[in-house]
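All ligand and atom numbering here is 1-based and tracks the order in the structure.
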Amino acid sequence: MNHCISLSDYTANRITHVFDVAYDLRDRRSRGALSDVLKNQTLAMIFEKPSLRTRVSFEQGMIELGGHAIVLGQEVGIGKRESVADVTRVLAGMVQGIAARVFEHDRLIEMADHSSVPVINMLSDDAHPCQALADVMTMMDEFGRDLTGRTLVYVGDGNNVAHSLAIICGKLGINFTIAAPPGYELPQAYVDRIMADVPGMNFQLCSDPAEAVHQADAVYTDTWVSMGQETEKQKRLAAFTGFQVDEELMSKAPSHAIVLHCLPAYRGVEITDGVMDGASSRVFPQAHNRLHAQKGLLAVLMGGC
Ligand code: CP
Ligand code: NVA
């Protein structure tokens, strides 16, 4: 079955194919020629956590591909009112795709195990693969489709976003450096899995952001307090002191380096207004690429493109 739970399940060729379809659809859209590859198809969307970009880009993406999206409310009570397996079996008999934003990554795996239609990860505590697709598409827009040998430097928390970025970078030959304070690096089990999957990957761990950004083509950051970690907020804000992406840090990066952030951004915390709104920032085109990258993914998974 065609799912998208983690990009670790995808080959470089498959990822490249998703981008081929995404670019084709984006090009057609710019000419006013929308595709109807998902005509009469419906995506059911389940959110255990808040969302702006993911919800709108999936819903709008389905509409632009000729289909529909249903956003299920909390009344579904997945795993409470009814088991994950039963909810999935019911949905799979009525709609052509299921997308879920969840806390526990294993919940997505359980859904995929019980689904006869594609299951898409719209963010879990472990991974955010759709975000990584849009992020790399934004780098492609800047540097060309072949990103081999380019360097993405992630400054901040070794979280779900960093994890999916590391995977996609490894698969596509992009060097990945993470600068994180002690205790907030990517979990070693993730790193071991990525390195086993892509043994030749250039993966660097660095404790000094200024040193890390030296060779960057893209500098990336995300919130220091992910959804579900609110009780750790004070501890985390203290731990990440010195890891803000600000004008001084960007002065250490090459002048061509772009700045990325998955958003929502906490301005003045992990990133300054000056950097977010500065000439190097690509954060809004990056957000808009959520729509385009996911349309490519939906067309491949549900439309057989
Ligand atoms: N970047 C991202 O996934 O944004 P939302 O949480 O608003 O969907
Ligand atoms: N790491 C963040 C990403 C939000 C899109 C979170 O999980 O809250």
Side-chain angles (χ1 to χ4, degrees), residues 4-7 43 45-62 69 71-74 99-108 120-139 152 154-168 176 178-181 183-187 190 218-233 235-237 239-240 243-245 259-267 269-271 276 281-298:
C4 180
I5 307 296
S6 165
L7 293 173
L43 178 74
M45 301 165 72
I46 296 170
F47 288 94
E48 293 182 0
K49 304 182 186 185
S51 172
L52 169 66
R53 281 143 289 271
T54 305
R55 178 188 166 155
V56 175
S57 54
F58 269 105
E59 196 164 344
Q60 177 68 8
M62 285 302 296
V71 179
L72 301 171
Q74 295 302 321
R101 169 167 283 197
V102 298
F103 287 91
E104 287 175 30
H105 189 78
D106 284 352
R107 179 159 282 196
L108 289 162
I120 300 173
N121 180 356
M122 296 197 293
L123 180 147
S124 69
D125 284 350
D126 287 6
H128 199 359
C130 297
Q131 180 68 52
L133 290 170
D135 302 340
V136 166
M137 193 170 185
T138 312
M139 288 182 72
L152 188 151
Y154 180 98
V155 179
D157 188 22
N159 60 16
N160 44 8
V161 167
H163 183 205
S164 290
L165 274 172
I167 294 169
I168 201 168
F176 181 83
I178 177 165
Y184 295 95
E185 305 95 343
L186 271 174
Y190 292 4
V219 176
Y220 198 117
T221 192
D222 181 18
T223 181
W224 297 337
V225 187
S226 283
M227 292 179 276
Q229 297 174 334
E230 291 77 8
T231 56
E232 299 172 33
K233 184 172 175 182
K235 190 175 130 214
R236 284 178 162 269
L237 293 184
F240 283 93
F243 284 76
Q244 185 184 60
V245 175
V259 174
L260 300 173
H261 190 310
C262 61
L263 306 179
Y266 298 88
R267 288 169 175 260
V269 183
E270 76 273 5
I271 191 167
M276 268 280 285
S281 172
R282 298 291 181 275
V283 300
F284 294 108
Q286 177 189 4
H288 300 150
N289 275 337
R290 293 293 305 279
L291 172 66
H292 306 301
Q294 284 157 205
K295 280 174 71 181
L297 183 69
L298 289 165

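- Side chain to side chain, Ser57 and Gln294 meet the donor-acceptor criterion of an N or O pair below 3.5 Å.
- Any N or O atom pair closer than 3.5 Å counts here, and Lys49 shares no such pair with ligand 2.
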The test is salt bridge (charged side-chain N to carboxylate O under 4.0 Å, His left out); show your working for Asp135 and Arg290 and say whether it passes.
CA-CA 8 Å; Asp135 302 340; Arg290 293 293 305 279; over 6 Å; no

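- Ligand 1 lies out of reach of Leu123, whose nearest heavy atom is not under 4.0 Å from it.
- By heavy-atom distance, the residue among Ser51, Ala127, Ser226, Gly156 lying nearest atom 2 (C) of ligand 2 is Ser226.
- Here Arg290 has side-chain heavy atoms under 4.0 Å from ligand 1, and that is the only part of it that gets that close.
- Close approach of ligand 1 to Thr54 is summarised as follows: ligand atoms under 4.0 Å from at least one heavy atom of the residue are 2 (C), 3 (O), 5 (P), 8 (O).
- Note that the CD atom of Gln229 and the CG atom of Asn159 stand 7.5 Å from one another [nearest 0.5 Å].
- Considering CE of Met122 and CZ of Arg55, their distance stands at 9.5 Å, rounded to 0.5 Å.
- The distance criterion of under 3.5 Å between nitrogen or oxygen atoms is met by Cys262 with respect to ligand 1.
- Looking at every heavy atom in both residues, Asn121 comes nearest to Ala127 through ND2-O, 3.5 Å.
- Of all heavy-atom pairs spanning Ala162 and Asp157, the tightest one is CB-O, 3.8 Å.
- Using modelled atom types and a 3.5 Å distance limit, the side chains of Asp125 and Asn160 yield no donor-acceptor pair.
- Of all the atoms in ligand 2, the ones that sit under 4.0 Å from a non-hydrogen atom of Asn159 are 1 (N).
- For atom 3 (C) of ligand 2, the closest heavy atom belonging to the protein is Asp222 OD2, 3.6 Å.
- Contacts of Leu123 with ligand 2, taken as heavy-atom pairs under 4.0 Å, involve the side chain alone.
- A side-chain donor-acceptor contact under 3.5 Å links Thr54 and Arg101.
- Ligand 1 is approached by His128 to a heavy-atom distance shorter than 4.0 Å.
- Here Arg101 has side-chain heavy atoms under 4.0 Å from ligand 1, and that is the only part of it that gets that close.
- Atom CD of Gln131 and atom SG of Cys262 lie 5.0 Å apart (nearest 0.5 Å).
- In this structure, His163 and Tyr190 have parallel ring planes: the angle between them is below the 30° cut-off, well short of the 60° mark.
- When hydrogens are left out, the protein atom nearest atom 7 (O) of ligand 1 is Leu52 N, 2.6 Å; that is the closest non-hydrogen contact.
- Ranking protein heavy atoms by distance to atom 8 (O) of ligand 2, first place goes to Met227 N, 2.8 Å.
- In this structure, the protein non-hydrogen atom closest to atom 7 (O) of ligand 2 is Asn160 ND2, 2.8 Å.
- Atom 5 (C) of ligand 2 has Leu263 O, 3.6 Å as its closest protein atom, hydrogens excluded (heavy atom only).
- Among all non-hydrogen protein atoms, the one lying nearest atom 4 (O) of ligand 1 is Arg53 NE, 2.8 Å.
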